[in-house]
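These numbers come from a predicted model, not from an experiment. Proteins get letters first, then strands, A, B, ... in listed order; numbering begins at 1 in each.
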Number of protein chains: 2
Amino acid sequence: MTSSEQETQVLTLQEPTPEAARETIAAGFDREALVTVFGRCTVDYDGRATSRLEAGERHVMFKPDGAALVHTDEGQQPVNWQPPGCDHEVFLEDEDGSEDGAEASGDAGDGNALCMRSLRSTPEERLLITFEHIMQVSTFTVTDPSELSLSGTEADLKARILDEPALLEPGFTPLATERETPAGAVDIYGEDADGRTVVVELKRRRVGPDAVGQLRRYIDALERDLHADAAIRGVLVAPSVTERAKRLLERDGLEFVALEPTAES
Amino acid sequence: MTSSEQETQVLTLQEPTPEAARETIAAGFDREALVTVFGRCTVDYDGRATSRLEAGERHVMFKPDGAALVHTDEGQQPVNWQPPGCDHEVFLEDEDGSEDGAEASGDAGDGNALCMRSLRSTPEERLLITFEHIMQVSTFTVTDPSELSLSGTEADLKARILDEPALLEPGFTPLATERETPAGAVDIYGEDADGRTVVVELKRRRVGPDAVGQLRRYIDALERDLHADAAIRGVLVAPSVTERAKRLLERDGLEFVALEPTAES
DNA sequence: CGTTCAATGTCGGAG
DNA sequence: CTCCGACGTTGAACG
């Protein structure tokens with residue numbers, strides 16, 4: 001390893017030979033660096049599904065946590081990937097398909113393909129990227145002490161109602177959050193001004209039929225569990241509701257309250 | 001623009017001044033190149049939610065289609081992002097917060113922060129990345145002619161059953177796919193050996209309670225629609241089913257058939 | 001546009 | 001590990 005690799009956080013090779021690329025990438029893996037490779041490659045995946053991507057130019061990123069990402073020029077999502085926790089390896093492959101290790105025979109194998117493999121178990125998944133032309137290799141030493149602070153989530157909506165239960169309806173009293181039922185945990189469990197049990201399901205944005213089904217399951221489970229004579233009220237809280245979901249709510253005798261996760265500014 | 005920018009597909013600056021970085025990034029946007037920036041930055045997002053990320057080292061990618069991705073050293077998902085279709089801009093900001101355009105005053109503003117903004121409407125969303133230290137800027141000209149070929153999807157599972165309906169059960173006859181109901185489209189609609197209507201819901205992998213709710217909605221909708229006297233059979237097809245979902249199936253009188261999206265090899 | 005549903009969804013938390 | 005539900009889910013297909 002040269003001194004520059006130790007002293008700088010970024011190391012970049014332009015148009016490296018396959019062997020030079022292999023060496024730098026392998027050192028990057030060892031150092032727990034973030035490694036990027038840009039060039040012309042094919043990609044094969046086999047695991048939860050199976051895919052193949054023919055030759056094209058792509059940007060590949062390997063993270064120190066074991067994640068791998070293959071990006072094309074379009075799309076927010078990578079065209080292929082591997083989740084964190086995978087093991088990465090890099091090696092050269094001869095034209096006949098045999099693998100060349102670092103201890104490759106004298107000739108540096110300029111005509112060889114650079115292969116990068118990412119493996120995982122449970123479930124078994126394999127990603128193989130084969131570069132026929134490497135235009136850039138970079139390794140980055142990353143230090144990121146900060147956590148993302150996010151607001152406007154379902155947790156914010158819950159806090160908002162617990163802080164001011166009248167936002168649901170006057171006289172509403174929360175009794176528990178995440179109350180367990182055989183069908184799962186109810187977001188907010190409480191009672192109304194008349195003492196009737198109320199089950200509240202929260203959604204941070206416009207809801208479809210799935211949320212109604214979820215709410216209905218909670219109520220069914222509770223009515224069986226509590227042998228309730230008086231029907232339990234079910235209230236869906238969200239900014240808005242689709243037409244289909246609205247009809248399902250009416251059919252099942254459930255209610256809807258419009259509320260945003262954060263107060264309007 | 002120098003000749004190298006036109007002739008090479010990859011252009012990289014190491015430890016550039018903010019103004020040099022701004023110029024190269026702006027040129028990259030104009031060329032519809034894929035642009036990456038690595039350095040120490042803060043990130044602010046406001047739109048469907050609100051988030052802030054304090055200073056740390058991150059890898060940022062801007063794609064020609066308008067997507068933006070901010071990656072830390074961990075996670076498959078970017079810590080912040082913007083979907084395709086956004087407008088990107090890059091500019092320098094003085095310490096007082098005022099923006100400096102390309103026509104900035106004579107002093108090249110070495111102490112200034114490099115800002116990159118990505119904007120979108122419907123919904124209104126803003127991403128602002130402020131770099132206090134830029135270690136690398138790269139622009140890549142990407143050509144990728146290939147499409148991903150993927151197998152093992154729900155479509156494969158459907159094709160498998162349509163090709164060999166007996167995989168569902170002997171005597172099953174598919175009559176329609178994507179048959180519309182008030183609750184959405186049924187994956188496969190058919191009848192069994194006794195002429196009873198069968199609704200089939202397909203899932204490419206192990207299913208939980210949500211899939212049971214989906215199947216139940218279809219059956220309820222069809223029974224109302226057809227005023228069916230004889231009950232409609234509902235069959236969930238998936239590789240396997242969770243315990244909770246199994247109980248829900250039994251409770252609702254629905255059936256389960258174990259089947260993989262592709263034949264075992 | 002809005003609605004619906006699949007996805008190699010990913011991710012985090014609980015059991 | 002599995003199960004479960006949220007997510008700034010993303011993405012595509014369709015009305």
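- In this structure, a donor-acceptor pair under 3.5 Å is absent between the side chains of A:D225 and A:T181.
- Between the side chain of A:R217 and the backbone N or O of A:A183, at least one donor-acceptor pair lies under 3.5 Å.
- Nucleotide D:dG8: unpaired (no Watson-Crick or G-U wobble partner with both distances less than 3.5 Å).
- Residue B:A67 is classed as having no contact, given no heavy-atom separation below 4.0 Å to the nucleic acid.
- C:dA14 and D:dG8 are spaced 25 Å apart, taking the C1' atom of each and rounding to whole Å.
- Counting 5' to 3', DNA chain C first comes under 4.0 angstrom of a heavy atom of chain B and last does so at the ends given by C:dC1 to C:dC11.
- Checking side-chain atoms of A:D65 against main-chain N and O of B:G75 turns up a donor-acceptor pair under 3.5 Å.
- No donor-acceptor pair under 3.5 Å is formed between the side chain of B:K63 and the backbone N or O of A:D73.
- Between the side chains of A:R206 and A:S240, at least one donor N or O sits under 3.5 Å from an acceptor N or O.
- Within a heavy-atom distance below 4.0 Å of DNA chain C, the residues of residues 41-49 of chain A found are A:Y45, A:R48, A:A49.
- Side-chain atoms of A:R204 never come within 3.5 Å of backbone atoms of A:E260 as a donor-acceptor pair (strictly under, hydrogens ignored).
- Across all strands shown, A:T122 has heavy atoms under 4.0 Å from sugar-phosphate atoms exclusively, and none from any base.
- Residues B:E180 and A:A185 both approach DNA chain D. Their nearest nucleotides, taken by heavy-atom distance, put A:A185 toward the 5′ side.
- Within residues 200-219 of chain B, the residues that place at least one heavy atom under 4.0 Å from DNA chain C are, in residue-number order, B:E201, B:K203, B:R204, B:R205, B:Q214, B:R217, B:Y218.
- Listed by residue number, the members of residues 72-86 of chain B with any heavy atom below 4.0 angstrom from DNA chain C are B:G75, B:Q76, B:Q77.
- Separating the P atom of C:dA7 from that of D:dC7 is a span of 23 Å, rounded to the nearest Å.
- Residues from residues 152-161 of chain B with heavy atoms under 4.0 angstrom of DNA chain D: there are none.
- Panel note: side chain A:E201, backbone A:L215; no donor-acceptor pair is recorded below 3.5 Å.
- Residues from residues 242-250 of chain B that place a heavy atom under 4.0 Å from any atom of DNA chain D, listed by number: B:T242, B:R244.
- Distance noted for atom C1' between C:dG9 and C:dC5: 13 Å (whole Å).
- For B:H59 and A:H71, the distance between ring centers is not under 6.0 angstrom.
- Considering every non-hydrogen atom in both B:L236 and B:A211, the closest pair reads CD1-CB, 4.1 Å.
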